[in-house]
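Taking it in order: structure first as structure tokens, then the write-up.
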Protein chains: 2
Amino acid sequence: MSELASQTYTRADEAFDCLQTAIVKGDLAPGDKIGELDLCSRFELTRGPLREALGRLESRGLLVRRPHAGVKVVSVSASELVELYRIREVMEGLAARQAAERMTDQEIADLQATLNAHEAMIDEARGQAYYQAEGDYDFHHRIATGSRNTKLAQMLLGDLYYMVRMYRYRLSTSAGRPHLALGEHRRIVEAIAQRDGELAEFLMKRHINAARKNIEKKIEEGLLTI
Amino acid sequence: MSELASQTYTRADEAFDCLQTAIVKGDLAPGDKIGELDLCSRFELTRGPLREALGRLESRGLLVRRPHAGVKVVSVSASELVELYRIREVMEGLAARQAAERMTDQEIADLQATLNAHEAMIDEARGQAYYQAEGDYDFHHRIATGSRNTKLAQMLLGDLYYMVRMYRYRLSTSAGRPHLALGEHRRIVEAIAQRDGELAEFLMKRHINAARKNIEKKIEEGLLTI
DNA sequence: ATACCGGATATTGTCAACAATACCTGAGTC
DNA sequence: GACTCAGGTATTGTTGACAATATCCGGTAT
């Protein structure tokens, strides 16, 4: 009766993971028409599972498929990245509010511990990259699951975050403000610890808003094109 | 070079649509383990395209699949429906705000015309069902696309609305307050026409909030179980 | 020279057979 | 009598071949 994730890992799952990471990391060029056979030889798969994985990816908006014409990775634009952050703002605001209402004390303690670890990384000055790549992701990940809102977590973790990471890789951008972000993270967690959902939502929205404005500034400076 | 939707309709698309409507309408029972062969004979398909469609449906959260154990339609609960409305509240609030900023005058005029049509339906007293089923959907549909936020529209139209409709069918619930809803719709459109994004967001959030409270009331009264 | 049209080709969509695995049934044991 | 375990069976996962179609290239006409 245990709800443990099934150990069996099907070829289609494998294909899906390979393709997803390849797209997110930018190994597959956007707009490029990639053939199914190429992908098969590339990932040591056969066409059946591959096609199933392609269907899933298409449904998640990571690639587009025209019948008999092949698949191509979605073209990305900086303006779309900004739109993504607008969505994140409202959805993660909600997640923060619900997390403040529903997270267990243990989960909150773990979250605070995570933040301490991040701070140590940054203080060592070499952790900037780590913080950007993993720490920030970890923070938002925990809050999404802590919301106890199944669909919300699914949309954030299964769709949006992959999109954001893809755009970040493609446009080679990053928030680039680790210290500021850490302080904002701290205040959000404090609000959650005090079970102040309204404040947690406000702070989370402002946090993501700041990240969005940072990106918009870069666009204006011409550092991010298309 | 026109961006027109490809006319070719593949068997997998067909399977996807059939399955999706069957799930949403409740023809496929939740929790039931349905075999692939059953589905094939039921919809006159073969297993290849079917499996591709199953992958897409799974990725959208309409069904769950355990390797070698078959697929089953997601079990739904009233509390999850409430969670869905919480997500709608923030996402459609954003959509309304962006629609107020970006919709063309023509689109706004069309939206107002749609509302007038709905009002006529309701005044004829027999249109209640129509309004619930199509009118409300049409209204929210137009605002989602009017936001000009590709991903937002995709998430609302491709994921959330199907989920909401499924839950409505399954729990045989409906907002059941057409006149009130129409008034709220009118005020939202007025705010959009005045290009007041902030107000449009506020009104939309309150509109969906009211619908959620209505559902919660029904749950409390024991009309909606599980 | 450019635009249009028709066929060749390579790629995608589809199908049916083969292999692997989870579930069920039955016997055996504590 | 209840539980465990092993084998059979039916279902799913995978594979390779076949059919359909969009793209590309060459020819022709304007």
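To find a chain, count down the sequence lines: A is the first, B the second, and so on, and within it residues start at 1.
- Using a 4.0 Å heavy-atom cutoff across all strands shown, A:Gly48 reaches at least one base atom of the nucleic acid.
- Under a 4.0 Å N-O distance rule, the pair B:Glu36/B:Arg51 qualifies as a salt bridge.
- The side chain of A:Glu36 lies closest to C:dG13 when the candidates are C:dC15, D:dT14, C:dG13.
- Atom CG of A:Leu50 is separated from atom P of C:dT11 by 14 Å (rounded to the nearest Å).
- Whole-Å rounding puts the A:Leu63 CG to C:dT12 C1' distance at 15 Å.
- Salt bridge absent: A:Lys33 and A:Asp38 never bring a charged side-chain N and a carboxylate O closer than 4.0 Å.
- The nearest whole Å value for the distance from the CD atom in A:Glu44 to the P atom in D:dT14 is 15 Å.
- Under 3.5 Å, the side chains of A:Gln112 and A:Asn116 contain no donor-acceptor pair of N or O atoms.
- At least one test fails for B:Arg170 against the ring of B:Tyr167: distance under 6.0 Å to the centre or angle within 45° of the axis.
- In this structure, A:Arg65 reaches the C:dG13 phosphate: one of its side-chain N or O atoms is under 4.0 Å from OP1 or OP2.
- Within the structure, every pair that satisfies the ring-ring contact (aromatic ring centres under 6.0 Å, His included) test and touches residues 144-166 of chain B, not counting sequence neighbours, is listed here: B:Tyr137-B:Tyr161.
- The phosphate of D:dT12 has neither OP1 nor OP2 within less than 4.0 Å of any side-chain N or O from B:Arg51.
- One side chain, A:Glu83 or B:Gln98, offers a donor N or O that lies under 3.5 Å from an acceptor on the other.
- A:Ile34 places its CD1 atom 14 Å from the C1' atom of C:dT12, with the value rounded to the nearest Å.
- If you take CG of A:Asp38 and P of C:dT11, they are 7 Å apart, rounded to a whole angstrom.
- To the nearest angstrom, C1' of C:dA19 lies 13 Å from CZ of A:Arg11.
- Taking only side-chain atoms of B:Thr46, from C-beta outward, the nucleotide of D:dT14, D:dG13, C:dC15 with the closest atom is C:dC15.
- Between B:Thr10 and C:dT14, a side-chain N or O to OP1/OP2 separation shorter than 4.0 Å is present.
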Candidate pair B:Arg65 and B:Leu57, rule side chain to side chain contact (heavy atoms under 4.5 Å, CB included), full reasoning: CA-CA 10 Å; B:Arg65 197 141 69 125; B:Leu57 268 316; over 6 Å; no
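- Distance, A:Leu54 CG to C:dT11 C1': 13 Å, rounded to whole Å.
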Reading 5' to 3' through nucleotides 17-24 of chain D, protein heavy-atom contacts under 4.0 Å coded B for base, S for sugar-phosphate only, - for none: B---SSS-
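- Computed from coordinates, the A:Glu52 CD to C:dT14 P distance equals 14 Å when rounded to whole Å.
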